[in-house]
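Please read these numbers as outputs of a predicted model, since none were measured by experiment. For the numbers below, each heavy atom of this structure counts, side chains included, while hydrogens, waters and symmetry mates do not.
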Amino acid sequence: MEIICKNCHQVFKGHYCNNCGQSAETHKINVHFLWHDIQHGLLHFDKGILYSLKQLFTRPGHSIREFIEGKRVRHFKPLSLVVVLATLYGVLYHYFHINTFSNQTDNSSIDYNFLNEWFATHFSWVTVATIPLYTIGTFAVFKNQGYNFVEYFVLNTFKASQRLFVQILTIPFLIFFNHTDHIQQFTFGVYIIGIVLIFWTNIQFFNKMSKTKAFFLSILSHIIFLICFLIVMSTILLITGKFSD
């Protein structure tokens, strides 16, 4: 049966318009419509977020490679996923007044209170901004594996979501250790978990090379990231004048 699209007036057959993609079924706007819109359009919990998170913790490298190669229907958009998770973590971090620098006792000239507050209020942007730095390292050491810079950016975007979800799960522990001498030890432990996830994902993603080679190249990639991150952070602190005289 031929259908006239209510959006662009194209005549088509099937479930979706072949010109603009609108569904052939346009339900009456009611409570059911609004509930479906909240589930599917706003939260997308029906498949997107939960599916992507499940894949990132069961077969991360394989699922990301498949996404890059075109298997994308069931996934939540990678950059959107990072923003959602980073915003949630930043809100929780700020709401519970968590301060991972509060017990610094060295004589460093860095204003740690400023640094902690700045990270808390800009966490989503900071997370997104670090993805290109991770990508520089990945691209530099894995550049002969057949992927371009943007594809490596997508890889590192998914890996950022991986780490963010772990950080969200650890919020109750951060609240418990807040303003104690143990909070920095705990955050370092979470950092180590993040590195393990990065290496695990890389070993799966780069399955055309040996696991040993992928492991050592991942170490080199992370060292490059750390160098880039330190350069950027030092520049920001100098520009904002948050080094005391």
Test Tyr147 against Phe205 for ring-ring contact (aromatic ring centres under 6.0 Å, His included), laying out the working first. CA-CA 11 Å; Tyr147 298 98; Phe205 186 87; 5.0 Å; yes
Which heavy atom of Asn18 sits nearest to which heavy atom of Phe12, and what is that distance? OD1-CB, 3.9 Å
Calculate, to the nearest 0.5 Å, the distance between atoms OG1 and CZ belonging to Thr201 and Phe206 respectively. 10.5 Å
Does a sphere of radius 6.0 Å around CZ in Phe173 hold more than 12 heavy atoms from other residues, nucleotides or ligands, not counting ones at 6.0 Å or beyond? no
Crowding at CD1, Ile4 (>12 non-hydrogen neighbours, <6.0 Å): no
I want to check something: taking the side chain as every heavy atom from C-beta on, are Ser23 and His15 in contact at a cut-off of under 4.5 Å? no
Let me check something: do Ile224 and Met233 share a hydrophobic cluster, defined by ILVMFWY side-chain heavy atoms less than 4.5 Å apart, either directly or through other members? yes
Begin from the C-alpha positions of Leu50 and Phe76 and carry the test side-chain contact (heavy atoms from CB on, under 4.5 Å) through to its verdict. CA-CA 9 Å; Leu50 295 181; Phe76 200 74; over 6 Å; no
Inter-residue atom distance Lys159.NZ - Phe199.CZ, 0.5 Å rounding: 9.0 Å
Counting only heavy atoms not in Phe149, do more than 12 fall under 6.0 Å of its CZ? yes
Report yes if some heavy atom in the side chain of Phe96 is under 4.5 Å from a heavy atom in the side chain of Asn178; otherwise report no. no
Ile198 versus Arg163: any side-chain heavy-atom pair under 4.5 Å? yes
Taking the side chain as everything from C-beta on, heavy atoms only, tell me whether Leu53 gets closer than 4.5 Å to Leu85. yes
Identified side-chain contact (heavy atoms from CB on, under 4.5 Å) counterpart of Asn202 within the set Leu217, Ile219, Leu155, Val141: Leu155
Joint hydrophobic cluster, Leu169 plus Ile175, side-chain heavy atoms closer than 4.5 Å: yes
Would you say Pro78 and Phe67 make side-chain contact, with heavy atoms under 4.5 Å? yes
Under 30°, 30 to 60°, or over 60°: which ring-plane class applies to Tyr152 and Phe139, parallel, tilted or perpendicular? perpendicular
Hey, mind stepping through Ser52 and Ser161 against side-chain contact (heavy atoms from CB on, under 4.5 Å) and telling me if it holds? CA-CA 9 Å; Ser52 292; Ser161 295; over 6 Å; no
How many angstroms lie between CD1 in Ile98 and NE2 in His179, if you round to the nearest 0.5 Å? 9.0 Å
Heavy-atom count check: over 12 atoms from other residues, nucleotides or ligands less than 6.0 Å from His62 NE2? yes
Side-chain touch Phe57/Phe165, heavy atoms, less than 4.5 angstrom: yes
Is the closest side-chain heavy-atom distance between Phe142 and Ser218 below 4.5 Å? yes
Do you know the tightest heavy-atom contact between Cys8 and Cys20? SG-SG, 3.8 Å
Going only through I, L, V, M, F, W and Y residues with side-chain contacts under 4.5 Å, is there a path from Tyr93 to Tyr95? yes
Partner set under salt bridge (charged side-chain N to carboxylate O under 4.0 Å, His left out) for Arg59, not counting sequence neighbours: Glu66
What distance do Gln22 atom CD and Cys5 atom SG have between them, rounded to the nearest 0.5 Å? 4.5 Å
Between Phe225 and Thr130, which heavy-atom pair has the shortest distance, and what is it? CE1-O, 4.1 Å
Can you name the closest pair of heavy atoms from Ser63 and His75 and give their distance? O-NE2, 4.1 Å
Mind checking the OG1-NE2 spacing from Thr187 to His182? Nearest 0.5 Å is all I need. 12.5 Å
Any side-chain heavy-atom pair from Leu174 and Leu92 closer than 4.5 angstrom? no
Assigning hydrophobic clusters by single linkage (Ile, Leu, Val, Met, Phe, Trp, Tyr; side-chain heavy-atom cutoff under 4.5 Å), is Val91 placed with Leu88? no
Atom pair CG (Asn156) and CD1 (Ile64), whose distance is rounded to the nearest 0.5 Å: 8.5 Å
Salt bridge (charged side-chain N to carboxylate O under 4.0 Å, His left out): pairs with one or both residues in residues 203-215, sequence neighbours excluded: none
So which heavy atom on Pro60 is nearest to which on Gln162, and how close? CB-NE2, 3.3 Å
Report whether Tyr134 and Leu230 are members of the same hydrophobic cluster (ILVMFWY, side-chain heavy atoms less than 4.5 Å apart, transitive linking). no
Determine the minimum heavy-atom distance between Leu56 and Phe158, stating which atoms define it. CD1-O, 3.7 Å
